[in-house]
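Quantities reported herein were computed from a predicted structural model and do not represent experimental measurements.
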Amino acid sequence: MSGEAIKGTLLISDADFNRMVQFVQKHYGIDLRQKRQLIQSRLSNVIKSRGFEDFSQYTDYLLKSGTGDDINQLLSKLTTNYTYFMRETESFEYFIQNILPKLEQRHKRDKIFSIWSAGCSSGEEPYNITMYMMDHFGVKFSVWDSRILATDLSVEVLNKAQRAVYQLPDNIPPAWKQNYFIPAGGNRYQVGPSVRKNVIFRQFNLMDPIRFKRKFDVIFCRNVMIYFDMPTKTALIKRFYDATVPGGYLIISLSETLPPNSPYKRLTTSIFQK
């Protein structure tokens, strides 16, 4: 058997490792070339529970007959959908203090913002953006069409995002906990309906052409491109740029950088403008 077990972990052959890496890279942009141990540790139980003998059988099935659910299971196991409220508040503060006032002026007639949370994971980011905007506009928030498009590749995390039940971090402002959340028992809270209705969740593969109805004033894509190699990242930035309105913004993670020769202009750490 090519997937000989060691302490319950199956081993993947060079051939099967390369097949899986190339498949995931081609279709989903995720670079797994340095993730051999992760693949073995996170997929061994999946393979055994599904009745496959080894990685070879599993990889054969995945590449030839795998369903959408199979792919979702694979990607959920191999990517870390780790996020939380108030993550990298510096970016949110720049958005509120510098970007939002400009958008408010630009859209004072049509009252429409177009914001995309690309790679939204379990939903904390788009809900967080909404809470910041609600604070900024106060009672005037209702006159704006500020709905946020929130997309992710994983159906599993999107389902969690739509349930919107979380354990809150200690740094959540008390006023937010009171105004934007509902106790859900067991030290968990559900995002309130006024915030939830401002976010539209959709499954979307960032490797696909971006053909939404409107171009975006702001694209948030934080802690997503860490999974991509440079050619994939460069191509995605080009698609983002084409999907951004003139003068619009791209916000990435503080720990990320854009590829050389990016078409966006850098404003500050993690904030770029078309």
Pair Y58, D70: side-chain N/O donor-acceptor within cut-off below 3.5 Å: no
Closest non-hydrogen atom pair, W176 against M131: CE3-SD, 3.7 Å
Minimum-distance pair of heavy atoms, taken over all atoms of R222 and E125: NE-OE2, 2.7 Å
Side-chain heavy atoms of S146 within contact of T130, under 4.5 Å: no
Sub-4.5 Å side-chain heavy-atom contact between F272 and K265: no
Heavy-atom check, side chain of K102 versus side chain of Y249, under 4.5 Å: yes
Spacing of R147 atom CZ and I200 atom CD1 [to the nearest 0.5 Å]: 4.5 Å
Interatomic spacing from CG in L100 to CD1 in I129 - rounded to 0.5 Å: 11.0 Å
Side-chain donor/acceptor of Q57 to backbone N/O of E53, under 3.5 Å: yes
Salt bridge R239-D208, side-chain N to carboxylate O under 4.0 Å: no
N18 (side chain) donor-acceptor with D14 (main chain) under 3.5 angstrom: yes
From F141, F92, Y127, F137, residue fulfilling ring pair (Phe, Tyr, Trp, His ring centres under 6.0 Å) relative to Y132: F92
Pairing of D152 and K160 as salt bridge, 4.0 angstrom limit: no
Pair D242 + K215: basic N to acidic O under 4.0 Å: no
Approximate separation, where rounding is to 0.5 Å, of I96 CD1 and D135 CG: 8.0 Å
Same apolar cluster (I L V M F W Y, side chains within < 4.5 Å links), L10/V21: yes
Among W116, F212, Y264, F216, the one residue meeting ring pair (Phe, Tyr, Trp, His ring centres under 6.0 Å) with F240: W116
V224 reachable from V155 in the ILVMFWY side-chain graph, under 4.5 Å edges: no
Residues, nucleotides or ligands: over 12 heavy atoms within 6.0 Å of E104 CD: yes
N223 backbone acceptor or donor facing E256 side chain under 3.5 Å: yes
Minimum side-chain heavy-atom gap F220-I115 below 4.5 Å: yes
Side-chain (D217) to main-chain (S114) donor-acceptor, under 3.5 angstrom: yes
Any side-chain heavy-atom pair of S194 and R196 under 4.5 Å: no
Distance (rounded to the nearest 0.5 Å) between I251 CD1 and S117 OG: 10.5 Å
Exercise: identify the closest heavy-atom pair between L74 and M20: CD1-SD, 4.4 Å
Donor-acceptor pair, side chain of Q162 and main chain of F201, under 3.5 angstrom: no
Expected output: side-chain Q97 to main-chain Y94 donor-acceptor under 3.5 Å: no
Modelled atom types, side-chain donor and acceptor of N205 and H27, under 3.5 Å: no
Side-chain heavy atoms of F228 within contact of I30, under 4.5 Å: yes
Test side-chain contact (heavy atoms from CB on, under 4.5 Å) applied to T268 and E90, step by step: CA-CA 11 Å; T268 186; E90 300 94 326; over 6 Å; no
N/O donor-acceptor pair under 3.5 Å between H107 side chain and I112 backbone: yes
Considering all heavy atoms, the nearest P259-M230 contact: CB-SD, 3.5 Å
Path from V139 to W144 over hydrophobic side-chain contacts below 4.5 Å: no
Gap separating the CG atom of N98 from the CD atom of Q273, nearest 0.5 angstrom: 10.5 Å
Derivation of the side chain to side chain donor-acceptor pair (under 3.5 Å) call for E93 and S91: CA-CA 5 Å; E93 288 168 2; S91 297; over 6 Å; no
D110 atom CG: more than 12 heavy-atom contacts under 6.0 Å: yes
Full working for side-chain contact (heavy atoms from CB on, under 4.5 Å) between N159 and V157: CA-CA 5 Å; N159 288 337; V157 297; over 6 Å; no
Contact check, side chains of K111 and D145, non-hydrogen atoms, under 4.5 Å: no
CA sep, side-chain torsions, deciding dist, call: Y180, V191, side-chain contact (heavy atoms from CB on, under 4.5 Å): CA-CA 6 Å; Y180 302 140; V191 177; 5.8 Å; no
Main-chain N/O of Y241 paired to K274 side chain as donor or acceptor, under 3.5 Å: yes
Pair I148-M133, side-chain contact (heavy atoms from CB on, under 4.5 Å): steps then yes or no: CA-CA 11 Å; I148 298 167; M133 290 197 297; 4.0 Å; yes
Side-chain (R19) to main-chain (L63) donor-acceptor, under 3.5 angstrom: no
4.5 Å side-chain heavy-atom contact, L149 and R214: no
N/O donor-acceptor pair under 3.5 Å between Q190 side chain and F181 backbone: no
ILVMFWY network linking I12 to L38, side-chain heavy atoms under 4.5 angstrom: yes
Shortest non-hydrogen contact between V218 and F95, atoms and distance: CG2-CE1, 4.1 Å
Check: Y61 ring centre within less than 6.0 Å of F55 ring centre: no
Distance (rounded to the nearest 0.5 Å) between L250 CG and S262 OG: 7.5 Å
Nearest atoms (heavy-atom pairs only) where C120 meets L158: SG-CD2, 3.8 Å
Side-chain H-bond candidate by donor/acceptor type, S44 with T9, under 3.5 Å: no
Residue of the set L206, T232, I237 for which side-chain contact (heavy atoms from CB on, under 4.5 Å) holds with M225: I237
Cluster overlap V195 with I172, hydrophobic side-chain contacts below 4.5 Å: yes
